[in-house]
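Written out below as structure tokens is the structure these notes cover.
Counting starts at 1 for both ligands and their atoms, following the listed order.
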Amino acid sequence: MSDACKLAAGNWKMNGLRADLDEARALAKAFPKLDCGVLLCPPATLISAMAEALEGSAIMVGAQDCHPGEKGAHTGDVSAQMLADAGARQVILGHSERRGDHGESSALVAEKARAAHVAGLVTIICIGETEAERDAGHTLDVVLAQLAGSLAEGATSANTVVAYEPIWAIGTGRTPSLEEIAQVHDALRASLPDPAISLLYGGSVKPGNAAEIFAIENVDGALVGGASLKAKDFGPIVAALEAS
Ligand code: PGA
């Protein structure tokens, strides 16, 4: 752990209906007071209802993407201001599933981040290498280039969080070794425009491996997919971060 703020962020991806808000309520009940930040990012359809369900609790609500524009003729898109209006305080940007499924470049991610900051949202900027890039020994080159290209101008610890998510570790149950995570996070810390920006690790974080990952010096928390959907899985990850 560094001196940066600790954050456990749950990314529900394209999962969740109104009935699943009970999981968010259960999490809030289990952690009435928190020292670290805890965030749930449901699909856009649930942001407003989740913000209502969690009102007055220690758990924050965030979004998974935004459009770089303020408003206008962009059918199906959602602006950062709309997300903030619905109750989101943070937004995940540049997740590898967005970069892959929608061809998002680092330059577009930086544009979205700028829009999110104007709307008052904290951005969680995701970066990470493919398995082929790691095997070829290019991990640091790839993630440092993504970092430099994806951050908005004026990124500080007040408006930006960075999540390192090796693509091959997402949803696979596989993770880099603790030494490999430490190596990437050390390099990222040294390259941040503000060293107090929180650095999250993401990719198959579970109750069973969270504590050892949080013990790594430059890991300030986690971005969690599958294990954030149920309070019984995300709760122990939050507890591990609180104890770290
Ligand atoms: P996972 O996803 O925890 O299911 O591996 C992480 C992510 O994509 O943020």
When you measure from [atom] to every protein heavy atom, which one gives the shortest distance, and what is it?
| atom | result |
| --- | --- |
| atom 4 (O) of ligand 1 | Gly226 N, 2.9 Å |
| atom 9 (O) of ligand 1 | Glu165 OE2, 2.6 Å |
| atom 3 (O) of ligand 1 | Gly225 N, 2.8 Å |

I'd like to check which ligand 1 atoms, numbered from 1 as shown, lie under 4.0 Å from a non-hydrogen atom of [X].
| X | value |
| --- | --- |
| His95 | 7 (C), 8 (O), 9 (O) |
| Ser204 | 1 (P), 3 (O), 5 (O) |
| Gly203 | 5 (O) |

For [X] and ligand 1, does the shortest N/O to N/O distance drop below 3.5 Å?
| X | result |
| --- | --- |
| Thr172 | no |
| Glu97 | no |
| Val224 | no |
| Ile170 | no |

Looking at ligand 1, would [X] count as a contact under a 4.0 Å heavy-atom criterion?
| X | result |
| --- | --- |
| Gly171 | yes |
| Gly202 | no |
| Lys206 | no |

* Asked: Checking side-chain contact (heavy atoms from CB on, under 4.5 Å) against Leu7, which of Leu223, Leu199, Asp220, Ile124 comes through?
  ->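 Testing each of Leu223, Leu199, Asp220, Ile124 against Leu7, the sole residue satisfying side-chain contact (heavy atoms from CB on, under 4.5 Å) is Ile124.
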* To do: State which residue, out of Gln64, Met50, Met14, fulfils the side-chain contact (heavy atoms from CB on, under 4.5 Å) condition with Pro43.
  =>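 Only one option passes, and that is Gln64.
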Is a donor from one side chain sitting under 3.5 angstrom from an acceptor on the other, for [X] and [Y]?
| X | Y | answer |
| --- | --- | --- |
| Tyr164 | Gln146 | no |
| Ser106 | Arg99 | yes |
| Ser198 | Lys6 | no |

* Go through Lys13 and His95 one step at a time and tell me if the side chain to side chain contact (heavy atoms under 4.5 Å, CB included) criterion holds. => CA-CA 10 Å; Lys13 307 191 178 184; His95 190 281; 4.1 Å; yes
* **side chain to side chain donor-acceptor pair (under 3.5 Å) between Arg114 and Thr123, worked out** => CA-CA 9 Å; Arg114 203 171 308 125; Thr123 53; over 6 Å; no
* To do: Evaluate the side chain to side chain contact (heavy atoms under 4.5 Å, CB included) criterion for residues Val184 and Tyr201: first the C-alpha distance (whole Å), next the side-chain angles of each, then the deciding distance (0.1 Å), finally the verdict.
  => CA-CA 10 Å; Val184 175; Tyr201 167 77; over 6 Å; no
* Roughly how far, to the nearest 0.5 Å, is the CG atom of Asn218 from the CG atom of Asp186? ->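 If I round to the nearest 0.5 Å, the distance is 5.0 Å.
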